[in-house]
Number of protein chains: 2
Amino acid sequence: MPTKILQSIPKENYIDTTPGSLLRPGVDSADSIRGRFEKAIRAAQDSICEAISAADGTPFRQDAWTREGGGGGITRVLQNGNVWEKAGVNVSVVYGSMPVEAYRAAVGHDISGIEKGSRIPFFAAGISSVMHPHNPHAPTMHFNYRYFETEEWNGIPAQWWFGGGTDITPNYVVPEDMAHFHGTLKGVCDRHDPEYYPRFKKWCDEYFLIKHRGETRGLGGIFFDDLNDRPAEDILAFSTDAMNAVVEAYVPIVTAHKDDAFDPKQREWQQVRRGRYVEFNLVYDRGTTFGLKTGGRIESILMSLPVTASWLYDYVPAEGSPEADFLDATKKAREWV
Amino acid sequence: MPTKILQSIPKENYIDTTPGSLLRPGVDSADSIRGRFEKAIRAAQDSICEAISAADGTPFRQDAWTREGGGGGITRVLQNGNVWEKAGVNVSVVYGSMPVEAYRAAVGHDISGIEKGSRIPFFAAGISSVMHPHNPHAPTMHFNYRYFETEEWNGIPAQWWFGGGTDITPNYVVPEDMAHFHGTLKGVCDRHDPEYYPRFKKWCDEYFLIKHRGETRGLGGIFFDDLNDRPAEDILAFSTDAMNAVVEAYVPIVTAHKDDAFDPKQREWQQVRRGRYVEFNLVYDRGTTFGLKTGGRIESILMSLPVTASWLYDYVPAEGSPEADFLDATKKAREWV
């Protein structure tokens, strides 16, 4: 199956300078939702990388490519920096046709009336990022904002939706850090719809569940998908605000903890939690699964994995320890604001 | 879905002394294929752990459990030994009913006429093992031998089959080591059927493919599944011989390399290859997938993952290097004997 799916997306042609737009010239206008979403993710990539690079004192490396027929990607990675072990920010714009199975992985549900073996024309653009700091007391953060369209096809009308979210994965519970992170996200949500934060916070806790462990990957944030219940314009504005709040939500927490003292046991615990991060991403994450199945650029997709991770047999934190408290918070979602 | 599936297998009751048999008393006789296969895997677990423990100078820790209604498991793990970072040998005997989806994961193909939502009564027994040494020049080894039955059900006749294999994952190509390892396995195969080795060697190369990378996990060995083309008696004898050849095939290679000198670059390469090991196991491995979906004991299933692994962005070995040679061998299967 994967071989067949791989045919759907042409191979990358690496380029030295990034074009102003990755959209198809003459097809997608700059003021369409496609055009404005691309503009938003490109700007967010620039500003977030600039802030992280300044906080770390290390530049990002960039790999950029286009694909025949339109689309392309820009991956920026900072590896073995002063603060971050690995920080990556990807943007990509993809056109193609996908098999029903990949559509299911992308959308998370079936649409009725699609024959097995059919291929659905789609457009997808997104920004995605994971940042893993060195210090066990400084949290990992992930965000992803994406816009998806399927074209009118076989009598099924054209569809569009937004998805995304920002979530945090510390190794210890620091309530005031979580109040800052969740509070910042809530602030963004509330400016658009007071129902967003409670709804997307719950969705995040449910989505990032490592089912075979009964633990969440981290301590949540916001997550939404298939969002098309109001004008695209409005969700575009919300998504743009959310991606632009990442630095404010996250960087102060890392700055506060990047030089915290830690002992080998705390480092070991961090490595075990990184193992859980890998388990979630490879087994459950919809974006990773979709990317691996559709022949996306592997190094960009798996940029999300930590430089180092560990699996220790039957690792159980001591009762009453800060590690046990963290584990408890992953088993029963808490409220932070 | 996973919650529903988890109901199929009762929780573990941990026990201090392992019972003579994990089969259902009065139901499965000692001289049935079930009984004789259990005896073979229990004996192999004992003898292999004894040999590894002697080579390492460290005892195995044991966790044993039974489940209400029959079945149970014995996990033995040696962690942070002198030679091995982690070595685990599991045996388990499981009864239950599995949903069609898990059946597909177990068998790898549909059987026609099964309604969605149906549950199929099954019996499964197996031994599985992974051993990761510290030294980058000493290979990781995996083996697994299993016997599966589905009961007569809804007009579909009872089925049985064997599956298994032994495969090696070094970080460097050492042709004489591979000749020894593959040669030992070929010797076992040839005693049962001269067509086994070429057939199972090819199957192994195909099965352990990390599809999204276009690389195999390691340098192969033998692999077979759904084997029921001759009397169960004969395949039982072959499987027993194969598990009993593991020590001879593997341990001399580790003994020869456990104290090899290595530099930080070689250690880094080992860690990157361990990352690939994790990718294969979590994304593709049928046993892992089946285990995570059927509510097996997570720590026993994920015992296969290395203590440490690494993901470095766009890690490309230098042209002409031993690392590049290894990568080449994972992209195009070689013959070793």
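Within every chain, numbering begins at 1; the chains are lettered A, B, ... in the order of the sequence lines, protein sequences first and strands thereafter. Only a predicted model underlies this, so the values are computations on that prediction, with no experimental measurement involved.
Ring to ring, B:His132 and B:Tyr277 are close: their centroids are under 6.0 angstrom apart. Between A:His212 and A:Tyr284, a ring centre-to-centre spacing shorter than 6.0 Å is recorded. The distance between the ring centers of A:Phe280 and A:Tyr207 falls below 6.0 angstrom.
A donor-acceptor pair is defined here as one N or O able to donate and one able to accept, closer than 3.5 Å; such a pair exists between the side chain of A:Asn90 and the backbone of A:Ser300.
Heavy-atom pairs under 4.5 Å with chain A were tallied for B:Thr75, B:Val283, B:Ile298; the largest tally goes to B:Ile298. Ranked by non-hydrogen atom pairs under 4.5 Å with chain A, the options B:Thr288, B:Ile301, B:Val278, B:Asn281 are led by B:Val278. The most heavy-atom pairs under 4.5 Å with chain A, out of B:Glu85, B:Arg274, B:Arg213, come from B:Arg213. The most heavy-atom pairs under 4.5 Å with chain B, out of A:Asp314, A:Val272, A:Thr308, come from A:Asp314.
Heavy atoms closer than 4.5 Å to chain B are found nowhere in A:Gln271, neither backbone nor side chain.
Between A:Asp285 and A:Arg217, no side-chain nitrogen of the basic residue sits less than 4.0 Å from a carboxylate oxygen of the acidic one, so the salt-bridge criterion is not met.
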